[in-house]
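Beneath this line is the structure, given in structure tokens, with notes to follow.
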Protein chains: 2
Amino acid sequence: MARLKTTHDVFSAIGEPKRRVLIEQLVLKEMSVNELVDVVKWPQPVVSKHLSVLKQVRIVTERRQGRFRLYRIQPEELRPIQEWMHQFEKFWGGSMDQLDAYLNNLQERDSDEQS
Amino acid sequence: MARLKTTHDVFSAIGEPKRRVLIEQLVLKEMSVNELVDVVKWPQPVVSKHLSVLKQVRIVTERRQGRFRLYRIQPEELRPIQEWMHQFEKFWGGSMDQLDAYLNNLQERDSDEQS
DNA sequence: TCAATATATTCTCATATAGGCATATAAAAT
DNA sequence: ATTTTATATGCCTATATGAGAATATATTGA
């Protein structure tokens with residue numbers, strides 16, 4: 001037949017670049033729709049519609065507070081993606097890049113505390 | 001205006017479930033089109049078309065060998081996704097699941113060597 | 001050369017949106 | 001009650017594209 005709905009699949013949901021931008025903002029902090037509009041500079045309905053998709057796939061939740069609707073990320077819902085990515089890790093740089101990065105980070109933090 | 005092409009974006013490319021299935025197979029080993037058809041049981045043109053998209057975004061490369069075309073995964077191309085996912089790791093299970101797993105692994109290997 | 005095999009391409013159709021615009025809804029403030 | 005503020009919805013259009021069917025292309029073999 002034709003294409004399939006992206007609105008019920010986490011993988012497709014993050015396939016849309018604007019939705020990734022919204023996610024990147026909401027990772028930083030819970031925000032209202034107009035706060036997001038201020039940041040991304042898209043028309044409010046565009047933001048609301050993408051949020052609606054993200055809400056349907058449960059990547060975000062909505063919390064009402066007076067006139068505002070506060071959107072918050074639900075990182076657990078993105079786990080399937082992380083898990084799907086595991087299958088590639090064995091190909092990557094000695095297979096332990098992330099660990100290296102993390103250890104380096106720890107070291108840097110240690111030095112910071114000592115200084 | 002309207003939607004954007006997925007054919008030039010790694011994130012959108014893996015948004016399509018059938019393409020993820022093909023990737024999952026090609027991670028295991030380089031395969032020809034008909035080998036893939038045998039595995040997934042879809043019409044050959046369907047497989048070829050999805051491979052074409054994956055080739056355009058460079059997730060796979062094609063190598064000709066006689067009448068066959070062997071497709072091989074290019075894991076580096078999926079790195080941007082892995083990197084994008086990093087931003088969520090701090091939310092997950094003590095924030096250091098993967099590291100914990102790795103350290104445990106190291107320890108086990110140490111014990112093995114000692115035994 | 002001709003047939004067989006392996007794969008890509010073209011054409012068509014159905015459908016899923018992304019975004020624009022206008023408007024509806026809902027809560028708060030006056 | 002009326003207005004203002006915050007957000008969602010509905011309608012419309014353009015376009016992307018997944019899949020089916022038929023066909024084209026390319027390579028090997030007889």
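All figures in this text were calculated on a predicted structure; none of them were measured in a lab. Residue numbers start from 1 in every chain, and the chains themselves are labelled A, B, ... in the order their sequence lines are given, proteins ahead of strands.
- In this structure, the NZ atom of B:Lys55 is 6 Å from the P atom of C:dA8, given to the nearest Å.
- One finds a side-chain N or O of B:Arg19 lying less than 4.0 angstrom from the OP1 or OP2 phosphate oxygen of D:dG18.
- A donor-acceptor contact under 3.5 angstrom links the side-chain atoms of B:Gln44 to the base of C:dA8.
- A salt bridge does not link A:Arg58 to A:Glu76: none of the charged side-chain nitrogens sits closer than 4.0 Å to a carboxylate oxygen.
- Counting non-hydrogen atoms under 4.0 angstrom, B:Lys49 reaches a base of the nucleic acid.
- Panel note: side chain A:Lys29, backbone A:Leu26; no donor-acceptor pair is recorded below 3.5 Å.
- Where A:Gly66 and B:Leu51 each meet DNA chain C at their nearest nucleotide, the meeting point lying more 5' is that of B:Leu51.
- With C:dA6, C:dA8, D:dA8 as the candidates, the nucleotide lying closest to the side chain of B:Arg67 is C:dA6.
- Here C:dA8 presents its P atom at 12 Å from CG of B:Leu54, a figure rounded to the nearest Å.
- Between A:Tyr71 and D:dA8 there is a side-chain polar atom (N or O) within less than 4.0 angstrom of OP1 or OP2.
- A:Asp38 has its CG atom 12 Å from the C1' atom of D:dA6, to the nearest Å.
- Here D:dT28 presents its P atom at 10 Å from CZ of B:Phe68, a figure rounded to the nearest Å.
- Between B:Lys18 and D:dA19 there is a side-chain N or O to OP1 or OP2 distance below 4.0 Å.
- Rounding to the nearest 0.5 Å places CZ of A:Phe88 at 5.5 Å from CD1 of B:Ile23.
- Rounded to whole Å, atom C1' of C:dT7 lies 12 Å from atom CG of B:Leu36.
- A sub-4.0 Å separation between OP1 or OP2 of D:dA19 and a side-chain N or O of B:His50 is present.
- The distance from atom CD of B:Gln56 to atom P of D:dG18 is 11 Å, rounded to the nearest whole Å.
- Here the side chain of B:Ser48 is nearest to one of D:dT27, C:dA29, C:dA8, namely C:dA8.
- The interatomic distance linking B:Lys41 (NZ) with D:dG20 (P) rounds to 16 Å, in whole Å.
- Residue A:Pro43 is in sugar-phosphate contact alone, with no base atom involved, counting any heavy-atom pair closer than 4.0 Å across all strands shown.
- With the nearest nucleotide of DNA chain D identified for both A:Val47 and B:Pro45, A:Val47 has the one nearer the 5' end.
- Side-chain proximity of B:Asn34 to C:dT7, D:dG18, D:dT9: nearest is C:dT7.
- Checked for salt-bridge contact, A:Glu30 and A:Arg63 meet the test: a charged N lies under 4.0 Å from a carboxylate O.
- For A:Trp42 and C:dC21, the CH2 to P distance is 17 Å, given to the nearest whole Å.
- Counting non-hydrogen atoms under 4.0 angstrom, B:Ser32 reaches the backbone sugars and phosphates but no base.
- Checked for salt-bridge contact, A:Arg64 and A:Glu62 meet the test: a charged N lies under 4.0 Å from a carboxylate O.
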